[in-house]
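Note sheet for the following structure.
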Amino acid sequence: MLEAKRTISEKLARVVRQELGVDLPPEEIVLSAPRKEAFGDLATNIALSLSNKLRLSPKEIAEKIRQGLEKYTDLQDIVKNVEVAGAGFVNFRLNEAWVERKAGEFYDQERLGVPEPAKPLTVVIDFSSPNVAKPMHVGHIRSTIIGDALGRIYRFLGHKVITDNHLGDWGTQFGMLIVGYKRFLDKEALAKDPLGELEHIYQKVYNLAQQDEAVAEEARQEHAKLQSGHEQNLALWKEFMQWSKMEFDKIYQRLGVKFDHTLGESFYNPMLGDVVKELKEKGIARESEGAICIFFDEPELADAPFIIQRRDGAWLYSATDLATIKYRMEKFKPDLILYVVDIRQRLHFQQLFTAVRRWGYEVRLEHIGFGTILGEDRTPLKTREGGLVRLEDLLDEAEKRALSIVNEQNPDLSEAERQDIARAVGLGAVKYCDLSGARQSDYIFSFNRMMRLDGNTAPYLQYAYARIQSIFRKGEINIAKLRRGNGKFLLQEESERDLAKCLLRFPEAVLSAASEFAPHLVSAYLYELSTRYSRFYETCPVLTSSSGPSMDGLKESRLMLCDYVARVLKLGLNLLGIESIERM
RNA sequence: GCGCCGGUAGCUCAGUUGGAUAGAGCAUCGGACUUCUAAUCCGAGGGUCGGGGGUUCGAAUCCCUCCCGGCGUACCA
């Protein structure tokens, strides 16, 4: 479809110049699939937008364009007919033979039509970033899932992706933790649930420090000791780190998320002094009310300074973020750095990015902000007791619910198989619901909704895939042979043509998801593909294609369509970090 | 106070960056299984796109204003 668009745009640009004397670069010509099928496969509104300038009615312009296009006989290969419709739209209908040929071409490719980038980028993706010594909770799920999906998408496209888990493993909270460890630690509880216990003692000290200044001071001192390399405190810190990493790894493994680096805040700690010094020397940062700050002239940032060092000398995470950029620029030389972080930190990143530009680094920086997960009451999701929902518990619950559905639907499968399915469906549902809405919006978390078997959910897509595999099993189809064979696509029924055209749009879906950092464009596409497949499935028998002279060819074509859909679904789901399953 | 998001069908959400009669799913109602998985499909009803003003051939989309909700805003991350 990309190719068709490019060809048509080029011809349109030429016609517009020759017939109307207007220079309009092909990239600026909007050519998109109209909402209604009746308006063709592609449409452009250039006649409407040119009418003012040319002082001609849109319909006249559209008609001139249509006639001008007639000259280009090579266009007839792609386009069956061109129509002027409505207020002055020019609608194009694709040639079926072209669709059949193009589908065959993409079907033969590993990448299913997705082009290689002209210039591969080096992209650093900073995501997940949980705080050490606390269990991972729902607050981390979005960053982890969205970051992972973006990494998969960029990597698949052919860019060099470096994923980095920027752990919150340094800072004032460790003062509190050390105090708590010394005073309140319950060894049994620690053995059972290390992070739960650490969070527990942290909470205890935190609450105490609110009321008792002496405790707050003690925590500050323990933190200061840790900063200056106090042996015992450092050992404790390392212990916290070990437990945390073990627990995190369990969850990452379960989610299928991998990182190239896990460079936490502590890694940058030794560099902070020099960074702050450099910023002061360059006149970017200065002292104010005892703190070291960066001030901005930009009107939208003029209100608040960016504080990088506290009055008491402690560095803040703003300093760490600056040091991190310096390190990444020197080590990875990226073209693009993505921060997959809660949208509420928007101001912080505006300040950070503005500071970095003044510092002189040239790199595209993007805050990939996401909305909050809300409970049914529309406030941030909490447990019944009002605490944070642990990620582990949430995933357990999802799998449990999926298992009870599988048990009901498919009692004759083996226990192991049902559990496998439940795992894929449960995790898939959770991930998909995070990736199917616009990233920036909040969403209301509901197991019932995400687990729904129809509608825009992971199970629906997984089901479409499983149905295809079922056809292959039943027909004892040798897929490798099917792919090697010289079958051709024969698109007879409307549902087949719609399906094929939809398949050709896969590359655009992936490319736009990447350029807009919007994984939901992939999921929206996959959902549309699945609905079209279901329609095809209802109307077109595959294994028992009706008799006739072209019977063999038709059956092969339909098998290839099934295989093509399955490959797009599997790849697309994989880009979202979701498993496809053979049976469900 | 200032700033940033958001308000679209009863509910949950899309809306191709200003285009055609605003779309899905759920829910409701009515159909389709001796058939490759009915975990599916087909059809129907349902809308002052928060209100008002403006910009223009054309606005859910851009501008102004007001109402409502959320969030952020000098030493947490």
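Quick note on labels: first sequence line is chain A, next is B, and so on, each numbered from 1.
A donor-acceptor pair is defined here as one N or O able to donate and one able to accept, closer than 3.5 Å; such a pair exists between the side chain of A/T457 and the backbone of A/R452. Checking side-chain atoms of A/D164 against main-chain N and O of A/L263 turns up a donor-acceptor pair under 3.5 Å. Counting only distance, with no hydrogens or angles, the side chain of A/T44 and the backbone of A/V30 share a donor-acceptor pair below 3.5 Å.
Base pairing of B/rG1: its partner is B/rU73, meeting the Watson-Crick or G-U wobble criterion (both donor-acceptor distances under 3.5 Å). The nucleotide B/rC33 finds no pairing partner, because no Watson-Crick or G-U wobble arrangement with both distances shorter than 3.5 Å includes it. Applying the Watson-Crick and G-U wobble criteria (two distances, each under 3.5 Å), B/rU48 pairs with nothing in any strand. Here B/rG6 sits opposite B/rC68 as a Watson-Crick or G-U wobble pair (both hydrogen-bonding atom distances under 3.5 Å). B/rU61 is unpaired under the Watson-Crick or G-U wobble criterion, no partner having all donor-acceptor distances under 3.5 Å.
For A/E37 and A/R93, the salt-bridge test passes: some basic side-chain N is under 4.0 Å from an acidic carboxylate O. Salt-bridge check for A/E528 with A/R532: passed, with a basic side-chain N closer than 4.0 Å to an acidic carboxylate O. Between A/R505 and A/E508 no salt bridge is recorded (no basic side-chain N to carboxylate O distance below 4.0 Å). For A/E27 and A/R6, the salt-bridge test fails: no basic side-chain N is under 4.0 Å from an acidic carboxylate O.
Counting any heavy atom pair closer than 4.0 Å across all strands shown, A/E300 reaches no nucleic acid atom. A/Q440 comes within 4.0 angstrom of no nucleic acid atom, judged by non-hydrogen atoms across all strands. The residue A/A524 sits apart from the nucleic acid: no heavy atom pair falls under 4.0 Å. Among the atoms of the strands shown, base atoms are found under 4.0 Å from some heavy atom of A/I307.
For the pair A/N52 and A/V30, nearest-nucleotide mapping onto RNA chain B gives the more 5' position to A/V30.
Ring stacking is absent between A/F89 and B/rG19, as the pair misses the limits of under 5.5 Å between centres and under 30 degrees between planes. In this structure, A/Y527 forms no aromatic stack with the base of B/rA24, since the conditions of centre separation below 5.5 Å and plane angle below 30° are not both met.
Taking the six-membered ring where the residue is Trp, the centroids of A/F353 and A/H367 are separated by 6.0 Å or more. Side-chain rings of A/H166 and A/F127 stay apart, their centers remaining 6.0 Å or farther from each other.
Distance check on atom P: B/rA74 versus B/rU56 gives 42 Å, rounded to whole Å. Rounded to the nearest Å, the gap between the C1' atom of B/rG46 and that of B/rG10 is 9 Å. Look at the C1' atom in both B/rC49 and B/rG7: the space between them is 10 Å, to the nearest Å.
If you check distances only, the side chain of A/S288 does reach the base of B/rA74 with a donor-acceptor pair under 3.5 Å.
Side-chain atoms of A/P305 lie closest to B/rA74 of the nucleotides B/rA74, B/rA14, B/rU56. Nearest to the side chain of A/D303, among B/rU17, B/rG19, B/rC2, sits B/rC2. Listed nucleotides: B/rA20, B/rA14, B/rG23. Nearest to the side chain of A/N91: B/rA20. Checking B/rA14, B/rU17, B/rC57 against every side-chain atom of A/L48, the shortest atom distance belongs to B/rC57.
Atom CD of A/E516 is separated from atom C1' of B/rG15 by 12 Å (rounded to the nearest Å). Atom CE in A/M450 sits roughly 20 Å away from atom P in B/rG25 (whole-Å rounding).
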For nucleotides 27-41 of chain B, just jot down a letter per nucleotide in 5' to 3' order: B, S or -, based on protein non-hydrogen atoms under 4.0 Å. ---------BBSBBS

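Glycosidic conformation of B/rU35: anti, with the torsion beyond 90° of 0. Glycosidic torsion of B/rC33 falls within 90° of 0, placing the base in syn.
Between A/N456 and B/rG25 there is no side-chain N or O to OP1 or OP2 distance below 4.0 Å.
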